[in-house]
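Convention: sequence-line order gives letters A, B, ...; per-chain numbering from 1. Only heavy atoms go into these numbers, but all of them, side chains included; no hydrogens, no water, no symmetry mates.
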Protein chains: 2
Amino acid sequence: MTGYYQIEGRHLVAVDCIIFGYDIRDKDLKLLLVKRNMDPGRGEWSLPGGFVKEGEGVFEAACRVLNQLTGLQNVYMEQSFAYGDVNRDPGGRVISITYFALIKYLDIDPVKQKTTGAQWRSIKELPILVFDHRKMVDRALRQLREKVKIKPVGFELLPEKFTLVHLQDLYEAIYQRKVDRRNFRKKIQSMNLLEKLEEKEKETSKRGAFYYRFLPANYEEFTRQGFYFNLDVS
Amino acid sequence: MTGYYQIEGRHLVAVDCIIFGYDIRDKDLKLLLVKRNMDPGRGEWSLPGGFVKEGEGVFEAACRVLNQLTGLQNVYMEQSFAYGDVNRDPGGRVISITYFALIKYLDIDPVKQKTTGAQWRSIKELPILVFDHRKMVDRALRQLREKVKIKPVGFELLPEKFTLVHLQDLYEAIYQRKVDRRNFRKKIQSMNLLEKLEEKEKETSKRGAFYYRFLPANYEEFTRQGFYFNLDVS
DNA sequence: CCAAAAGTGTTAGGCTTACACCCATGC
DNA sequence: GCATGGGTGTAAGCCTAACACTTTTGG
């Protein structure tokens with residue numbers, strides 16, 4: 001701090017994380033939520049968040065919050081929006097910058113989850129959230145839906161090996177609508193993002209479905225050029 | 001301020017405005033820039049900005065900055081990004097939230113412009129900007145290009161009456177590429193956003209080109225449903 | 001053998017793109 | 001009458017979207 005600037009007009013700055021996870025079992029997009037452990041709003045459902053510390057970058061702060069909650073590092077995380085209304089937080093003037101993260105549902109550290117009390121909640125039936133957190137979620141979800149069209153970020157939400165059925169279910173969960181199976185498979189396979197494995201998943205059907213893995217090299221190629229993945233409406 | 005929170009870890013928060021204007025004469029998309037009037041970086045080219053005051057919303061702060069510079073109110077303005085790296089500003093730890101605004105080139109208050117020394121600079125040859133402002137501009141420009149596909153925001157940049165030639169030139173300036181004239185006209189006219197006027201513009205050609213005006217009612221309709229205006233690449 | 005899920009192609013319509021000539025007017 | 005910029009239509013190809021039957025296998 002070289003001290004060029006005034007010291008008046010400093011603000012508390014927080015980060016709040018919209019952490020998406022996808023449950024392959026119940027085909028449901030979920031958010032990782034916590035019960036707020038400070039006043040005001042103590043005990044209410046809240047996005048996980050924290051104040052940005054001195055000497056800490058805002059993005060780093062979001063990573064810290066995520067890591068403390070899940071034990072994860074290097075996950076997909078993207079800034080969503082800065083919320084700066086004076087009265088958005090009844091506890092005081094706090095500017096909050098939100099990030100949305102995509103993590104693999106099963107990757108979170110169960111010990112951490114127990115101590116923090118974080119819980120996955122379906123985006124279809126979110127509890128009442130504290131302050132303006134619901135607005136934050138809605139915006140992040142809109143952004144996720146846009147992002148998925150441009151970048152195959154959906155893969156961040158799936159385990160290493162997945163079937164085309166899993167992938168389609170994921171898209172349907174994100175958009176909350178049905179997708180034509182043949183068109184979906186045609187399109188996704190034409191992108192050369194996937195490698196078909198020998199192995200089959202046999203839990204959900206007798207016939208079994210081939211596992212696929214996602215090819216990071218081609219993925220990079222794709223996202224650089226900005227592909228366009230438009231799902232048909234049904 | 002009800003004083004629930006710690007008083008440690010407060011931060012200076014600034015807003016910086018990426019103000020786009022379009023010069024119908026030289027068919028050039030421009031930015032309104034200022035010479036920085038504080039250390040460090042005094043005298044260097046900079047985005048217009050300012051610190052968020054106590055009791056002032058972040059968006060309001062951006063409006064204030066814009067208004068002080070141009071005298072304008074109620075212009076199109078959208079949050080771009082929050083820049084929160086610890087060392088982004090060598091003068092101290094400042095978190096900056098950027099907004100991009102679209103204004104009509106000729107609307108700015110000439111008195112204010114004289115006192116602030118603000119100048120329009122072509123996006124094709126921007127001067128060196130202070131700190132990370134160039135990154136801010138690049139991001140805002142990318143966002144503008146995306147936005148224009150989804151919302152006919154281009155109209156914010158044109159005067160009340162404009163010709164189809166003007167409109168096409170604007171798109172070409174935003175995307176920095178040629179657009180097919182017939183396809184452009186077909187598409188834009190199919191949208192029912194424009195009202196053809198009797199009057200002709202006769203400055204740039206002998207024959208003259210019809211003026212159009214833009215129909216706010218239909219515009220609202222369009223942007224709500226999220227239209228898609230994809231320009232062809234040439 | 002049957003239930004349950006996986007897998008597979010074709011066609012029609014709409015949108016995108018490429019492309020060239022006539023029109024109106026001031027000088 | 002000619003130079004300058006404004007204005008117009010059509011055809012080919014591509015992408016989107018709708019749609020139904022066969023395959024596999026565990027029980």
If I take atom [atom1] in residue [X] and atom [atom2] in nucleotide [N], what distance separates them, rounded to the nearest angstrom?
{"X": "B:E203", "N": "D:dG6", "atom1": "CD", "atom2": "P", "value": "12 Å"}
{"X": "A:L164", "N": "C:dA5", "atom1": "CG", "atom2": "P", "value": "17 Å"}
{"X": "B:Y211", "N": "D:dG6", "atom1": "OH", "atom2": "P", "value": "12 Å"}
{"X": "A:E201", "N": "C:dA4", "atom1": "CD", "atom2": "C1'", "value": "14 Å"}
{"X": "B:R177", "N": "C:dA18", "atom1": "CZ", "atom2": "P", "value": "11 Å"}
{"X": "A:L167", "N": "C:dA6", "atom1": "CG", "atom2": "P", "value": "13 Å"}
{"X": "A:K187", "N": "D:dA18", "atom1": "NZ", "atom2": "C1'", "value": "15 Å"}
{"X": "B:I188", "N": "D:dG7", "atom1": "CD1", "atom2": "P", "value": "14 Å"}

Residues two or more places apart in sequence or in another chain: which of them pass side-chain hydrogen bond (donor to acceptor under 3.5 Å, both in side chains) with [X]?
{"X": "A:T70", "value": "none"}
{"X": "A:Y212", "value": "none"}
{"X": "A:R182", "value": "none"}

Do any side-chain atoms of residues 117-128 of chain A form donor-acceptor pairs under 3.5 angstrom with protein atoms, and if so which ones, sequence neighbours left out?
from   : atom 1 : to     : atom 2 : distance (Å)
A:S122 : OG     : A:D28  : OD1    : 3.1
A:S122 : OG     : A:D28  : OD2    : 2.9
A:S122 : OG     : A:K124 : N      : 2.9

- Message: Checking A:Q143 against A:S80: is there a side-chain donor and acceptor pair closer than 3.5 Å?
- Response: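 The criterion, which ignores hydrogens and geometry beyond distance, is satisfied for A:Q143 and A:S80.
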Shorter than 3.5 Å, N or O on both sides, protein versus nucleotides 8-11 of chain C: list them out with atom names.
from   : atom 1 : to     : atom 2 : distance (Å)
C:dT10 : O4     : A:K186 : NZ     : 2.9

Could you go through nucleotides 25-27 of chain D and list every protein N or O atom that sits under 3.5 Å from one of its N or O atoms, giving the distance for each pair?
from   : atom 1 : to     : atom 2 : distance (Å)
D:dG26 : OP1    : A:K202 : NZ     : 3.4

- Task: Taking Watson-Crick and G-U wobble pairs with both distances under 3.5 Å, convert DNA chain D into its dot-bracket string, 5' to 3', dots for unpaired and | for cross-strand pairs.
- Result: |||||||||||||||||||||||||||
- Item | Listed once per pair and sorted, the ring pair (Phe, Tyr, Trp, His ring centres under 6.0 Å) pairs that draw on residues 134-161 of chain B, sequence neighbours left out |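 Counting only pairs at least two positions apart or across chains, the ring pair (Phe, Tyr, Trp, His ring centres under 6.0 Å) contacts touching residues 134-161 of chain B are B:F155-B:F162, B:F155-B:F214.
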- Query: Who are the ring pair (Phe, Tyr, Trp, His ring centres under 6.0 Å) partners of B:W45, not counting sequence neighbours?
  - Reply: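 Ring pair (Phe, Tyr, Trp, His ring centres under 6.0 Å) list for B:W45, sorted by chain: empty.
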- Message: Show me the pairs that pass salt bridge (charged side-chain N to carboxylate O under 4.0 Å, His left out) and involve residues 158-169 of chain B, at least two apart or across chains.
- Response: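 Passing the test, one end in residues 158-169 of chain B: B:K27-B:D169, B:K161-B:E199.
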- Task: Enumerate the residue pairs fulfilling salt bridge (charged side-chain N to carboxylate O under 4.0 Å, His left out) with a member in residues 106-116 of chain A, sequence neighbours excluded, ordered by first and then second residue.
- Result: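 The answer is none; no pair qualifies.
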- Message: Taking any heavy-atom pair under 4.0 Å as a contact, classify A:T204: base, sugar-phosphate, or nothing.
- Response: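 The answer is sugar-phosphate, as A:T204 gets under 4.0 Å only of primed atoms, P, OP1 or OP2.
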- State which residues pass salt bridge (Lys or Arg N to Asp or Glu O under 4.0 Å) with B:K104; sequence neighbours excluded, sorted by chain then number.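 Residues passing salt bridge (Lys or Arg N to Asp or Glu O under 4.0 Å) with B:K104: none at all.
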- Give the ring-plane orientation class for B:Y171 versus B:Y175, where under 30° counts as parallel, over 60° as perpendicular and anything between as tilted.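 Aromatic pair B:Y171/B:Y175 classed parallel.
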